[in-house]
Amino acid sequence: MSKKKKIQRPKARRPRGFEDKSADVLRAENRLIQAAFSVYDTHGFEPLQTPAFEYADALGKFLPDDDRPNTGVFALHDDDEQWMALRYDLTAPLARFVAENYNDLPKPYRRYQAGSVWRNEKPGPGRFREFIQCDADSVGAPGAAADAEMIMLAADVMVAAGLDTGQYMVRVNNRKLLDGILESSGVPGTGAGAEQRLQVLRSIDKLDRLGADGVADLLGEGRKDDSGAYTKGANLDASAIKAVLGFTTASDTDRDKTLRTLEALVGASTHGKAGVEELKLIDDILTACDYGPGRVVFDTSIVRGLGYYTGPVFEAELLADIKDRKGRPVRIGSVGGGGRYDGLVSRFMGQAVPATGYSFGVSRFASALSRMGLAETAEQPPVMICVFDKSLLGEYFIMASQLRAANIRCEVFVGNGNVGKQLKYADKRGVKLAVLMGSDEMERGEVTIKDLELGAQMAKAIKTNEEWKSSRPAQKTAARNDIVAAVREMLAGGDII
RNA sequence: GCCGCCUUAGCUCAGUUGGUUAGAGCGCUGGUUUGUGGAACCAGAGGUCCUCAGUUCAAACCUGAGAGGCGGUACCA
């Protein structure tokens, strides 16, 4: 049937959950990373880079009864039959690195790192299978002072990103408090109780979406959602549910007041008391350094879903400029979080190695900043040198390097096509100025500089092609030797005569 | 994993009761204009109608299965 033999072409497509990023997005993300790095660096943290792949057992991702890694990671067999997997966060590789180099590292070891992580999960809006995290961690520091520092770092990153007080909030809680509550409610921290506690954490994490009633169902027998799907509950008894929900709503914007409430709430529990003591120390440091309740609060509804946290936990949240009806800032949501994880490094070592850290999602944070109108995209538009005459290419490249030496972003047209084509290309690129020099100008020692933005405006008033071409709008002639000064002036918006 | 919607050109979409060579707009390439962007006009390229199987003289269209996309939900170390 076929007259024409069909060529089998591959379909140009991306794997789902993986993204191409445009120039604007990349610039915004890189700015954010640089801002965070400079905060970490001035606090004395050291940069570190670890590889994309780790051995799967080092990531701790083997299921108990399975001979291959958890499906949530991208894993492959190395040629020696060992399982390797792409890292799913930067914390597990840090734990491996510290354990591997324990003797050589100063303790506490404080490092920062940004890099891609990969999760083999179903992607959704704003959720990808590859994304960038930016972390800072202290390993080997047991005291709450290290946690207080991480909390202040989180706030400092917000400031470095360009946010003012009132546009962000860091919310702090302590896992030990909930441990105390559950202990008193008869839920042990080991065996079946450990799984139960994890369920409790996940349930509380859904407070903002499901509300207290939905979470109460999840803490009890379970919950059926609108689509008919059933979620198994944590099976707490009624008094335990009441205690947990009571705890999650115990905090107040006044940190002192919250501490007094918590002190009464945890009663005689050792875990609970220790948790309150840690928060007190954190409060002392924050208060001394002027990190007031306008930007850091204690919030008992913050738990973080992860199982490995053992002490203070916190989330950094963006508040939009928009206010709700009661005049409170609207929540955009959490862009980062962290906390103490004292068990992660000791997995490798048989010796206790306390650690605490902060991590934020670069893409999510950067895109939220753009939505708030805080992403400055003032990248200098490029200048383009047109190729009128190929025999003058050397001249064109010399001009370009002169402009670059003056810190002006510029390029010589290297494609094919007459000047008309070149200018169309320039329009599409968002070029602000085009430099024209043919043999005529060359002989006179001149260049012609066109302002494409201004020309585009003037074109609106011009009806015919002839009129357009003969008027040659928005361009001026300058001496070849003055090209840098002339371009600079026109970039600055100088008048064109 | 479960539920719902969707799939025809690079993009957005038409496409008659199942009928012969599948169209439009935008975009792209070339030209009118080999030294000047816009507009206009002319020409051209570009299709496994998601895939496979079935029904039929005949399928983009009907039936079945599968894949992919989107949204919700669960999981998210």
Side-chain angles (χ1 to χ4, degrees), chain A residues 1-9 11-17 56 59-64 69-73 85 87-89 91-92 95 117-129 131 198-199 201-202 205-206 209-210 218 222-232 304-309 341 343-344 347 384 386-390 392 416-431 433-442 448-475:
Chain A
M1 76 172 222
S2 59
K3 290 180 223 159
K4 251 194 294 186
K5 198 75 178 177
K6 290 287 192 262
I7 302 164
Q8 195 79 352
R9 292 199 190 84
K11 193 174 169 68
R13 62 199 183 121
R14 263 174 304 130
R16 130 192 87 132
L59 293 179
K61 280 343 288 173
F62 271 99
L63 296 171
N70 183 320
T71 50
V73 298
R87 64 187 178 206
Y88 55 81
D89 68 15
T91 312
V117 301
W118 294 268
R119 296 187 184 180
N120 196 0
E121 292 160 9
K122 187 197 157 186
R127 296 178 66 88
F128 302 97
R129 293 157 96 194
F131 56 98
L198 203 56
Q199 281 278 9
L201 294 176
R202 289 184 197 142
D205 222 18
K206 289 172 186 145
R209 195 156 49 82
L210 302 180
L218 283 176
R223 175 174 184 274
K224 192 178 279 186
D225 68 35
D226 297 338
S227 71
Y230 183 74
T231 310
K232 189 169 59 108
R304 311 237 76 210
L306 308 193
Y308 60 64
Y309 288 117
Y341 50 97
L344 225 47
R347 284 199 313 122
M384 194 184 90
C386 289
V387 176
F388 258 104
D389 184 340
K390 288 205 165 135
L392 297 179
N416 282 326
N418 59 28
V419 174
K421 287 257 181 306
Q422 298 187 27
L423 289 172
K424 278 182 187 174
Y425 163 86
D427 270 337
K428 197 165 222 172
R429 282 290 322 279
V431 165
L433 298 181
V435 177
L436 311 178
M437 185 183 74
S439 41
D440 299 355
E441 284 99 336
M442 179 77 181
T448 299
I449 306 171
K450 265 179 98 69
D451 185 325
L452 297 189
E453 282 173 17
L454 186 61
Q457 285 173 28
M458 293 170 71
K460 288 174 191 161
I462 294 174
K463 295 285 180 291
T464 69
N465 188 250
E466 287 65 33
E467 186 186 347
W468 166 255
K469 286 176 76 168
S470 58
S471 71
R472 294 197 175 170
Q475 65 185 50

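Chain A is the first sequence line, chain B the second, and so forth, proteins listed ahead of strands; every chain is numbered from 1. All values below were derived from every heavy atom in this structure, side-chain atoms included, with hydrogens, water molecules and symmetry-related copies excluded.
Look at the C1' atom in both U48(B) and U7(B): the space between them is 14 Å, to the nearest Å. Here the separation of C50(B) from A45(B), taken at their C1' atoms, is 24 Å to the nearest Å. G27(B) sits 33 Å from G18(B) when the C1' atoms are compared, rounded to a whole Å. With C1' as the reference atom, U51(B) and U8(B) are 15 Å apart, rounded to whole Å. Here the separation of G46(B) from U29(B), taken at their P atoms, is 16 Å to the nearest Å. A gap of 11 Å separates the P atoms of G47(B) and A9(B), to the nearest Å. Across the C1' atoms, A67(B) and U20(B) are found 31 Å apart, a figure rounded to whole Å. On the P atoms, G38(B) is 50 Å away from G1(B), given to the nearest whole Å.
Between Asn416(A) atom CG and G30(B) atom C1' the separation is 13 Å, expressed in whole Å. If you take CE of Met437(A) and C1' of U36(B), they are 16 Å apart, rounded to a whole angstrom. Rounded to whole Å, the distance from CZ on Phe128(A) to P on G69(B) is 14 Å. Look at CD on Gln199(A): it is 8 Å from P on C75(B), rounded to the nearest Å. Separating the CG atom of Leu454(A) from the C1' atom of G37(B) is a distance of 13 Å, rounded to the nearest angstrom. In this structure, CG of Leu436(A) is placed 11 Å from P of G37(B), rounded to the nearest angstrom. The CG atom of Asn120(A) sits 20 Å away from the P atom of A74(B) (whole-angstrom rounding). Between Arg14(A) atom CZ and G68(B) atom P there is a gap of 15 Å when expressed in whole angstrom units.
Proximity note for Ala456(A) (side chain, C-beta onward) versus G37(B), U36(B), A77(B): the nearest is G37(B). Candidate nucleotides U36(B), G37(B), A74(B) were compared by shortest atom distance to the side chain of Lys206(A), and A74(B) ranks first. Considering only the side chain of Lys424(A), G38(B) comes nearest among A77(B), G35(B), G38(B). With distances taken from any side-chain atom of Lys122(A) to the nucleotides G1(B), C76(B), C75(B), the minimum falls on G1(B).
Here Asp89(A) lies out of heavy-atom contact (under 4.0 Å) with every strand. Gln457(A) comes within contact range of no nucleotide atom at all, as no heavy-atom separation falls under 4.0 Å. At a threshold of 4.0 angstrom between heavy atoms, the contacts of Ser439(A) include nucleobase atoms, whether or not backbone atoms are also involved. Residue contacts shown for Tyr425(A) are absent, as no nucleic acid heavy atom lies under 4.0 Å away. Among the atoms of the strands shown, none is found under 4.0 Å from any heavy atom of Ala92(A). Backbone-only engagement by Arg209(A) is indicated by non-hydrogen atom pairs under 4.0 Å involving sugar-phosphate atoms exclusively.
Closest approach of Gln475(A) to Thr448(A), counting heavy atoms only: NE2-CG2, 3.5 Å. When all heavy atoms are compared, the tightest approach of Leu201(A) to Arg304(A) is CB-O, 4.4 Å. Residue Leu344(A) comes nearest to Ala95(A) through the heavy atom pair O-CB, 4.0 Å, listed as atom of the first residue, atom of the second, then distance. A pairwise comparison of heavy atoms in Asp89(A) and Val117(A) identifies CA-CG1, 3.6 Å as the closest pair.
For the OP1/OP2 pair of G30(B) and a distance below 4.0 Å, the side-chain nitrogens and oxygens of Lys421(A) include at least one atom meeting the criterion. At the phosphate of C28(B), OP1 or OP2 sits under 4.0 Å from a side-chain N or O atom of Lys428(A).
The base of G35(B) is not paired with the side chain of Gln422(A) by any donor and acceptor separated by under 3.5 Å. Contact annotation: side chain of Arg202(A) to base of C76(B), donor-acceptor pair absent below 3.5 Å.
Between Gly72(A) and Asn418(A), the residue anchored closer to the 5' end of RNA chain B is Asn418(A), taking for each the nucleotide with the nearest heavy atom. Between Arg127(A) and Pro123(A), the residue anchored closer to the 5' end of RNA chain B is Pro123(A), taking for each the nucleotide with the nearest heavy atom.
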After noting the C-alpha distance and the side-chain angles of Phe388(A) and Met442(A), does the key distance pass the side-chain contact (heavy atoms from CB on, under 4.5 Å) rule? CA-CA 11 Å; Phe388(A) 258 104; Met442(A) 179 77 181; over 6 Å; no
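With sequence neighbours left out, the salt bridge (Lys or Arg N to Asp or Glu O under 4.0 Å) criterion links Arg119(A) to no other residue.
Distance check: Glu453(A) CD to Asp427(A) CG gives 10.0 Å after rounding to the nearest 0.5 Å. Rounding to the nearest 0.5 angstrom, the gap separating the CD atom in Gln457(A) from the CG atom in Leu452(A) is 12.0 Å. A distance of 10.5 Å separates NZ of Lys122(A) from CZ of Arg127(A), quoted to the nearest 0.5 Å.
Side-chain contact check for Asp451(A) versus Leu433(A): some heavy-atom pair is nearer than 4.5 Å.
Base-pairing analysis of RNA chain B finds the following stems of at least three consecutive Watson-Crick or G-U pairs, with both pairing distances under 3.5 Å: B:1-7 with B:67-73, B:10-13 with B:23-26, B:28-32 with B:40-44, B:50-54 with B:62-66.
In this structure, Tyr308(A) does not count as stacked on the base of A77(B) under the 5.5 Å centre distance and 30° plane angle limits.
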